[in-house]
Amino acid sequence: MPERITGQIAISQKTFSQLAKKVKNISALSQKIKESLTGEVTQILEAILVGAMSLDSSDIHIEREEKKAKMRVRVDGVLHDVLYFELKIYQGLLSRIKLLSGIKLNITDQAQDGRFTILLGKVPVEVRSSTLPSEYGETTVMRILNPKSLIEIEDLGVREDMLEVFKQEIERPNGMIMVTGPTGSGKTTTLYAILKRIQHPEIKIITIEDPIEYHLEGISQTQVNPKKGYDFATGLRAIVRQDPDVILVGEVRDPETAEIALQAALTGHLVLSTLHTNDAAGTVARLQALGEKPVSIAPAINLSIAQRLVRKVCKKCTKFESPAKLEGTMIKKELRSLSKKVKFPSLNNLKIPRIKGCQNCNFTGYRGRVGIFEFFLVDPEMEDFILKSPSVSALRKIAEKKGMVVMRKDGLIKVLQGITTLEEINRVTGK
């Protein structure tokens, strides 16, 4: 049973292993939680958390409806219904989650955020919780930040021809590497994979995050606290005075942070950060929109990466078939223009994966996710071009001429490699 400690739940590795063996799919998760409903609220919450983690869920949603409350989990980026609760159980769970998360119990008409820790054996798993007032009551979402999500750069899904370039860029002593994409596109995973690779006793790495999502030994990690005046700009200004070699800024979201980050990149630091843009080439325009001039942007940026996450096919039930005529024509048309330096399976006698669905993949046909990427490299020629304040489309055009493979084409290569499906690439990137 979890310890009754505000802010922390302790679950033994034995308990987790026993539950994980029984919870292999959504229906098994639903059954396990139903079995716990006769117990205390702490036992119900334990079943929910352990069951969701055993399915590698990223988020748990508990949503109040008129007469019941619904629980859903997000697995591989897609929400799945699990079961309905009676309102009495919902209310007990809500109070327990609020208490653990340091959220005020008596406030129900305002959005609130908090966090708590699951001690899984000796491994801390952070959970970010959020409550939101809705039509019939409060909706609660718990985001699970499992350390096992921290992977090596080789496991991100970067193509072989770009992996060596990527490794070279992250070893540079100064400049900026930007990772762009919408919320939930794996940006933090990529940044932490970089940190894991470059971490070394001889260099000092400091991060400023909102919030700290994963804890890495040997790295100084700080968290913004706007209520106390410690925001990204204030924190970054202080970090620069701490003699760092590498700085990770959770997100560049305001003009002051953009200015300090670029100056740090120009004065001997390697700066890693994220930005919300649709593609890699849009990084320059976004920084300009934040008030920065091309004369600062061009020499500061080494590499901009745009990424999305796509679901991988289930290895146990996927079949390989010849594509339909229109599908085959489209794949050949889009990939034939790629440089010979880009390696991918032959376009002759195409075979692409077709999903079926089985118990192993919750009958979705997919299990796990992988990134699709585009890398916008800034070399001397590109630097000169940026100084002319070109449009995003012009930047993208010259980058493609210099060998950039756009995300959609990177996704199509993964289709030919049997990693994902054409339907999934169309869903994420558009047709």
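As a basis for the values below, the full set of heavy atoms in this structure was taken, side chains included, without hydrogen atoms, waters or symmetry mates.
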Which pairs would a plain distance check flag for residues 237-246, meaning a side-chain donor or acceptor within less than 3.5 Å of a matching protein atom at least two apart in sequence or in another chain?
| from | atom 1 | to | atom 2 | distance (Å) |
| --- | --- | --- | --- | --- |
| R237 | NH2 | E256 | OE2 | 2.0 |
| D245 | OD2 | K204 | N | 2.7 |

Quick one: does any side-chain atom of [X] pair with a main-chain N or O of [Y] as donor and acceptor, under 3.5 Å?
X: Q221; Y: T207; answer: no
X: H61; Y: V141; answer: no
X: K414; Y: G157; answer: yes
X: T283; Y: A280; answer: yes
X: H200; Y: E202; answer: yes
X: T420; Y: R311; answer: yes
X: E65; Y: K70; answer: no
X: S185; Y: R308; answer: no
X: Q112; Y: K104; answer: yes
X: T364; Y: C361; answer: yes

Within-4.5 Å side-chain heavy-atom neighbours: [X] and [Y]:
X: P294; Y: K388; result: no
X: Q13; Y: S17; result: yes
X: Y366; Y: K312; result: no
X: N302; Y: V378; result: no
X: Q263; Y: S296; result: yes
X: E209; Y: T188; result: no
X: R72; Y: H80; result: no
X: L119; Y: I11; result: no

With a sphere of 6.0 Å drawn around CD of E35, does it hold more than 12 non-hydrogen atoms of other residues, nucleotides or ligands?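 Yes, the 6.0 Å shell around CD holds more than 12 heavy atoms from other groups.
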Take atom CG of N278 as the centre, draw a 6.0 Å sphere, and report whether it contains more than 12 heavy atoms from other residues, nucleotides or ligands.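 Counting other residues, nucleotides and ligands, CG of N278 stays at 12 neighbours or fewer.
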Run the side chain to side chain contact (heavy atoms under 4.5 Å, CB included) check on I151 and T189 step by step: do they pass? CA-CA 7 Å; I151 56 179; T189 299; 4.0 Å; yes
Any chance you could lay out the side-chain hydrogen bond (donor to acceptor under 3.5 Å, both in side chains) test for E63 and S134, step after step, and finish with the verdict? CA-CA 9 Å; E63 302 159 340; S134 62; over 6 Å; no
Heavy-atom closest pair, residues [X] and [Y]:
X: A265; Y: N174; answer: O-CB, 3.9 Å
X: T15; Y: E46; answer: CG2-OE2, 3.8 Å
X: E251; Y: T257; answer: O-CG2, 4.2 Å
X: V249; Y: S273; answer: O-OG, 2.8 Å
X: L236; Y: I247; answer: CD1-CG2, 3.7 Å
X: L395; Y: A281; answer: CD1-O, 3.8 Å

Verdict with supporting geometry, R128 and E213, salt bridge (Lys or Arg N to Asp or Glu O under 4.0 Å): CA-CA 9 Å; R128 283 163 52 187; E213 296 197 11; 3.0 Å; yes
Under 4.0 Å between a Lys/Arg side-chain N and an Asp/Glu carboxylate O for [X] and [Y]?
X: R408; Y: E334; result: yes
X: E374; Y: K409; result: no
X: E86; Y: K88; result: no
X: R253; Y: D210; result: yes

Y192 ring center within less than 6.0 Å of Y214 ring center: yes
Taking atom types as modelled, find out whether Q43 and S36 have a side-chain donor-acceptor pair closer than 3.5 angstrom.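 No, because no side-chain N or O of Q43 sits under 3.5 Å from a partner of the opposite role on S36.
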Is it true that the side chains of S30 and S27 contain a donor and an acceptor less than 3.5 Å apart?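 Judged by distance alone, the side chains do not pair up.
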How would you list all residue pairs meeting side-chain hydrogen bond (donor to acceptor under 3.5 Å, both in side chains) that involve residues 145-159, not counting sequence neighbours?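 Every pair satisfying side-chain hydrogen bond (donor to acceptor under 3.5 Å, both in side chains) with a residue in residues 145-159: D56-K148, E152-K196, E154-K167, E154-R197, R159-D161, R159-D410.
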Would you please test F16 and M53 for side chain to side chain contact (heavy atoms under 4.5 Å, CB included) and show each step? CA-CA 9 Å; F16 178 80; M53 284 193 292; 4.0 Å; yes
Apply the test side chain to side chain contact (heavy atoms under 4.5 Å, CB included) to residues L100 and L45: give CA-CA distance (whole Å), side-chain angles for both, the deciding distance (0.1 Å), then the verdict. CA-CA 11 Å; L100 280 167; L45 184 58; 3.6 Å; yes
With rounding to the nearest 0.5 angstrom, report the NZ to OG distance, K401 to S339.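 The distance works out to 15.0 Å.
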Rounded to the nearest 0.5 Å, how far does CD of Q359 lie from CD1 of I26?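 If we round to the nearest 0.5 Å, I26:CD1 and Q359:CD are 12.0 Å apart.
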Which residues pass the side chain to side chain contact (heavy atoms under 4.5 Å, CB included) test with R286, sequence neighbours left out?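 If we apply the side chain to side chain contact (heavy atoms under 4.5 Å, CB included) test to R286, skipping adjacent residues, the hits are L275, T277, A289, L290.
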Start with the C-alpha gap between L19 and K32, add the side-chain angles, then the distance that decides, and say whether side chain to side chain contact (heavy atoms under 4.5 Å, CB included) holds. CA-CA 8 Å; L19 272 170; K32 193 62 194 173; 2.9 Å; yes
Might you work through the salt bridge (Lys or Arg N to Asp or Glu O under 4.0 Å) test for R367 and D76, ending with a clear yes or no? CA-CA 7 Å; R367 190 171 179 90; D76 296 336; over 6 Å; no
Given the rule in the side-chain hydrogen bond (donor to acceptor under 3.5 Å, both in side chains) test, do E126 and T117 qualify, once you have shown the distances and angles that lead to the verdict? CA-CA 5 Å; E126 299 295 327; T117 303; 3.3 Å; yes
